[in-house]
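Here is the structure we will look at, set down as structure tokens.
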Amino acid sequence: MSGSLNSYGFYPQARSTLFVPDQLVAGNMKLVTRTVTFGASQTLPRGAVVGRVTATGEYILSVATATDGSETPCGIVVDAVETAAGATQTGAIYEMGEFNSNYMTYDSSWTLDALTQALRQWAIFIKTGLSNDIV
């Protein structure tokens, strides 16, 4: 046994770390993820709202005025993704869960109310900072 144990069961050289989550996930609802292919020439941060392009099946930032299928938001990016020009990349999206709107990224063509309603059909629920108060 390395180190000396004092009478209180404390190791003086022991270290601890504190995990501080980014607060994107905003509830106790089970999270469901899926691996998808992200389209080329994108930089999507964790929490970006994406839609699926019908013709290619690739996921890109959802824009409400698009006409390629990506106008229907259907997921939230799990980890940041950066794709080069002409190259796709696989990554994960959340398909179900509760998320904090203050930590999401979405196109300015969306209002928070419209996005909340559009994502509800996929069992993705958006909360505001006020509904996420830590008590």
Side-chain angles (χ1 to χ4, degrees):
M1 178 162 90
S2 66
S4 60
L5 179 66
N6 66 19
S7 61
Y8 300 108
F10 173 73
Y11 287 99
Q13 70 277 13
R15 298 183 192 275
S16 68
T17 59
L18 176 66
F19 172 69
V20 180
D22 65 3
Q23 299 180 16
L24 173 63
V25 177
N28 294 324
M29 185 176 180
K30 185 150 183 88
L31 296 173
V32 175
T33 61
R34 182 163 60 104
T35 301
V36 299
T37 301
F38 291 102
S41 304
Q42 296 187 88
T43 300
L44 299 170
R46 172 174 162 78
V49 178
V50 293
R52 183 178 176 271
V53 177
T54 306
T56 63
E58 297 169 355
Y59 287 75
I60 63 173
L61 187 67
S62 180
V63 177
T65 55
T67 58
D68 60 1
S70 66
E71 69 274 10
T72 304
C74 58
I76 297 177
V77 176
V78 174
D79 292 312
V81 174
E82 187 169 343
T83 58
T88 61
Q89 179 178 329
T90 58
I93 61 169
Y94 290 111
E95 287 190 313
M96 184 173 93
E98 297 172 290
F99 301 93
N100 186 338
S101 64
N102 295 324
Y103 293 88
M104 293 171 48
T105 302
Y106 52 90
D107 186 76
S108 62
S109 63
W110 286 105
T111 65
L112 187 55
D113 275 346
L115 191 60
T116 299
Q117 294 304 315
L119 286 169
R120 187 167 289 163
Q121 70 176 321
W122 304 104
I124 296 175
F125 301 97
I126 308 303
K127 294 183 171 185
T128 64
L130 293 178
S131 64
N132 289 324
D133 284 345
I134 298 172
V135 285

Can you list, pair by pair, the side-chain donor-acceptor contacts under 3.5 Å of residues 80-87, counting residues two or more places apart and other chains?
{"unit_1": "T83", "atom_1": "OG1", "unit_2": "G39", "atom_2": "O", "d": "2.8"}
{"unit_1": "T83", "atom_1": "OG1", "unit_2": "S41", "atom_2": "N", "d": "3.0"}
{"unit_1": "T83", "atom_1": "OG1", "unit_2": "Q42", "atom_2": "N", "d": "2.9"}

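- Contact annotation: the side chain of V50 approaches that of I93 to within less than 4.5 Å [non-hydrogen atoms, C-beta and beyond].
- Under the 4.5 Å side-chain heavy-atom criterion for Ile, Leu, Val, Met, Phe, Trp and Tyr, M29 and I126 are members of distinct hydrophobic clusters.
- The two residues L24 and Y103 make their nearest non-hydrogen contact at CD1-O, 3.5 Å.
- Contact detail for G27 and E98: the closest heavy-atom pair is CA-OE1, 3.1 Å.
- Side-chain contact between I76 and Y106: absent, with no pair of heavy atoms (C-beta onward) separated by less than 4.5 Å.
- Residues passing the salt bridge (charged side-chain N to carboxylate O under 4.0 Å, His left out) test with R120: none are found, sequence neighbours excluded.
- The backbone N or O of A92 sits nowhere less than 3.5 Å from a side-chain atom of T35 that would complete a donor-acceptor pair.
- Side chains of T72 and Q121 form a contact here, defined as non-hydrogen atoms less than 4.5 Å apart.
- Taking all atoms of both residues into account, the shortest heavy-atom contact from M104 to V49 is CE-CG2, 3.5 Å.
- Placement of M96 and F125 within a single hydrophobic cluster is found when ILVMFWY residues are connected by side-chain heavy-atom separations under 4.5 Å, directly or transitively.
- I60 forms part of a hydrophobic cluster together with V53, judged by ILVMFWY side-chain heavy-atom separations under 4.5 Å.
- Within the 4.5 Å cutoff, no side-chain heavy atoms of Q89 are placed close to those of T37.
- You'll find the side chain of Y94 reaches within 4.5 Å of the side chain of V25, heavy atoms only.
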Could you tabulate the donor-acceptor pairs under 3.5 Å formed by side-chain atoms of residues 61-69, not counting sequence neighbours?
{"unit_1": "S62", "atom_1": "OG", "unit_2": "S70", "atom_2": "O", "d": "2.8"}
{"unit_1": "S62", "atom_1": "OG", "unit_2": "W110", "atom_2": "NE1", "d": "3.4"}
{"unit_1": "D68", "atom_1": "OD1", "unit_2": "S70", "atom_2": "N", "d": "3.0"}
{"unit_1": "D68", "atom_1": "OD1", "unit_2": "S70", "atom_2": "OG", "d": "2.6"}

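- Under the 4.5 Å side-chain heavy-atom criterion for grouping Ile, Leu, Val, Met, Phe, Trp and Tyr, V77 is not connected to L31 through any hydrophobic cluster.
- Remark: E95 pairs with R34 by the salt bridge (charged side-chain N to carboxylate O under 4.0 Å, His left out) rule, at least two apart or across chains.
- F38 and Y59 have perpendicular rings, their planes meeting at more than 60° on a 0 to 90° scale where under 30° would count as parallel.
- Partners of E58 according to the salt bridge (charged side-chain N to carboxylate O under 4.0 Å, His left out) rule, which considers only residues two or more places apart in sequence or in another chain, do not exist here.
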